[in-house]
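Any value given below was found using the heavy atoms of this structure, including those in side chains, with hydrogens, waters and symmetry copies removed.
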Amino acid sequence: MEIKDFFALLGGLALFLYGMQQMSNGLNAAAGEKMKQILERLTANRFLGVLVGAGVTAIIQSSSATTVMVVGFVNAGMMSLRQAVWVIMGANIGTTMTGQLIAMDVGAFAPLLAFVGVVCVVFLSHEKCKHIGEIIAGLGILFLGMEMMGEAMMPLRDSEQFVSLMTKFEHPLFGILAGAAFTAAIQSSSASVGILQALAGGGAINFSGAVYVLFGQNIGTCITALLASIGTSRNAKRTTMIHLSFNIIGTIVFTILCMATPLTSWVEQLTPGKPASQIANMHTLFNVATTLLLLPAGNLLARMAEKILPDEQTKPMHRVMTWKKMEDV
């Protein structure tokens with residue numbers, strides 16, 4: 001890999017992350033407050049809660065943002081721990097929408113999308129139109145970044161050292177740890193999945209290795225909510241524990257399935273020769289199947305979180321106060 005390819009890779013990554021942020025900011029500005037109101041009101045029923053979580057996350061393009069909102073609602077007492085479970089499950093499904101968008105072959109329209117979006121932002125005065133322009137421009141810039149990364153990674157297919165490194169990800173533990181660490185570092189599963197799709201599209205990693213990295217990325221995305229829960233109530237911390245438990249259980253189940261069954265080959269055969277689509281499909285399958293598996297056990301997840309993080313004991317303080325009273329006497 002030449003130095004110019006490395007610079008192109010960094011430039012593509014910068015455009016991708018900037019486009020993701022721009023799109024997310026535009027979506028939040030256009031519909032953020034409405035999304036919060038929907039989350040508050042429509043989460044009493046488990047199925048409705050899952051649908052709301054999926055819908056909100058698909059719109060704002062960030063499961064981390066949805067989970068952080070949920071942590072805030074639980075901390076403020078506006079949402080119960082049981083209600084939060086369903087929204088978190090739905091958020092994990094909604095976040096797969098970004099990967100599916102990236103998998104669509106719309107690279108040729110990326111410059112046009114970026115142009116139309118920038119024209120809306122620069123020349124239109126209406127606030128709503130500007131936000132829509134930000135969304136369109138962000139999407140176009142995101143795809144331009146994807147193309148740049150894919151082209152920059154092409155020479156890596158001929159690098160023996162890089163191919164040797166990538167084949168190590170076929171070991172489930174290494175792949176999961178790499179995916180979790182990278183996603184925790186950039187704090188966005190959508191972005192890290194997109195980068196994985198670019199790696200696979202450039203031939204730098206094969207699908208059998210990418211699946212374990214993908215599973216780890218689902219765990220790594222929990223870091224944002226964990227950070228957001230610092231200094232919050234006990235129930236808010238339990239909400240992040242549920243989010244983490246959901247993804248760990250899903251990773252264990254799917255790792256066993258991929259090792260014991262030809263699941264990877266089945267998903268690969270759905271879209272042969274399209275690694276980005278294969279990763280997007282596995283990501284969707286992972287989150288939908290894990291939600292269906294754990295939906296009947298939502299209250300059990302909440303009870304498990306309460307066991308792991310029990311209510312803070314007040315007895316020791318009571319004893320100290322009683323001892324002080326005895327001393328005063």
Side-chain angles (χ1 to χ4, degrees), residues 50 54 63 85 88-100 102-103 162-184 189-190 192-201 203-223 241-301 303-305 308:
V50 170
S63 62
V85 175
I88 288 169
M89 288 182 179
N92 281 279
I93 295 172
T95 195
T96 64
M97 183 59 69
T98 308
Q100 293 292 352
I102 291 168
F162 190 78
V163 170
S164 175
L165 176 65
M166 288 296 109
T167 52
K168 288 180 181 177
F169 289 159
E170 291 186 24
H171 187 286
L173 183 60
F174 292 150
I176 291 166
L177 288 175
F182 182 66
T183 309
S189 64
S190 296
S192 63
V193 170
I195 292 164
L196 183 65
Q197 286 174 297
L199 272 168
I205 185 171
N206 57 36
F207 184 58
S208 59
V211 291
Y212 298 115
V213 179
L214 179 68
F215 300 156
Q217 287 171 334
N218 283 278
I219 296 173
T221 193
C222 300
I223 190 67
M241 188 59 62
I242 291 166
H243 188 207
L244 185 60
S245 301
F246 176 95
N247 287 299
I248 289 174
I249 292 167
T251 296
I252 292 169
V253 170
F254 268 78
T255 299
I256 293 169
L257 283 174
C258 287
M259 292 173 70
T261 71
L263 176 63
T264 306
S265 300
W266 292 339
V267 174
E268 195 170 8
Q269 287 164 15
L270 290 173
T271 51
K274 295 182 177 179
S277 294
Q278 292 161 4
I279 289 169
N281 291 337
M282 181 62 90
H283 193 205
T284 302
L285 178 63
F286 175 96
N287 285 292
V288 171
T290 305
T291 297
L292 292 173
L293 177 69
L294 295 178
L295 193 61
N299 290 325
L300 190 62
L301 283 177
R303 284 200 296 273
M304 186 173 74
I308 296 169

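- Closest heavy-atom contact between Pro275 and Ala200: CG-O, 3.5 Å.
- The distance from atom CD1 of Ile88 to atom CD1 of Ile93, rounded to the nearest 0.5 Å, is 13.0 Å.
- Within the 4.5 Å cutoff, the side chain of Phe207 has heavy atoms near those of the Val267 side chain.
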- Message: Between Asn92 and Phe246, is the side-chain contact (heavy atoms from CB on, under 4.5 Å) condition met? List the steps.
- Response: CA-CA 9 Å; Asn92 281 279; Phe246 176 95; 3.5 Å; yes
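- Atom-to-atom distance recorded for His283:NE2 and Leu196:CG is 10.0 Å, nearest 0.5 angstrom.
- In this structure, CD1 on Ile279 lies 7.5 Å from CD1 on Ile205, to the nearest 0.5 angstrom.
- Between Phe215 and Tyr212, the ring-plane angle classifies as perpendicular under the 30° and 60° cut-offs.
- Between Leu301 and the choices His243, Met241, Met89, the side-chain contact (heavy atoms from CB on, under 4.5 Å) rule is met once, by Met89.
- If you take CG on Leu294 and CD1 on Ile242, they are separated by 11.0 Å, rounding to the nearest 0.5 Å.
- A distance-only check finds a donor-acceptor pair linking the side chain of Thr290 to the backbone of Phe286 [under 3.5 Å].
- Closest approach of Met259 and Pro172 over heavy atoms only: SD-CG, 3.7 Å.
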- In sequence, state the C-alpha distance, the side-chain angles, and the governing distance for Phe254 and Val211, and then conclude on side-chain contact (heavy atoms from CB on, under 4.5 Å). CA-CA 9 Å; Phe254 268 78; Val211 291; over 6 Å; no
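- Rounded to the nearest 0.5 Å, atoms CG (Asn287) and CG (Leu292) are 11.0 Å apart.
- Applying the side chain to side chain donor-acceptor pair (under 3.5 Å) test to pairs two or more places apart or on separate chains, those with a residue in residues 272-281 are Gln100-Asn281.
- Applying the side chain to side chain contact (heavy atoms under 4.5 Å, CB included) criterion to Leu257, with sequence neighbours excluded, gives Val253, Thr261, Leu263.
- By the side chain to side chain contact (heavy atoms under 4.5 Å, CB included) test, Ile248 pairs with Ile219, Leu244, Ile252, sequence neighbours left out.
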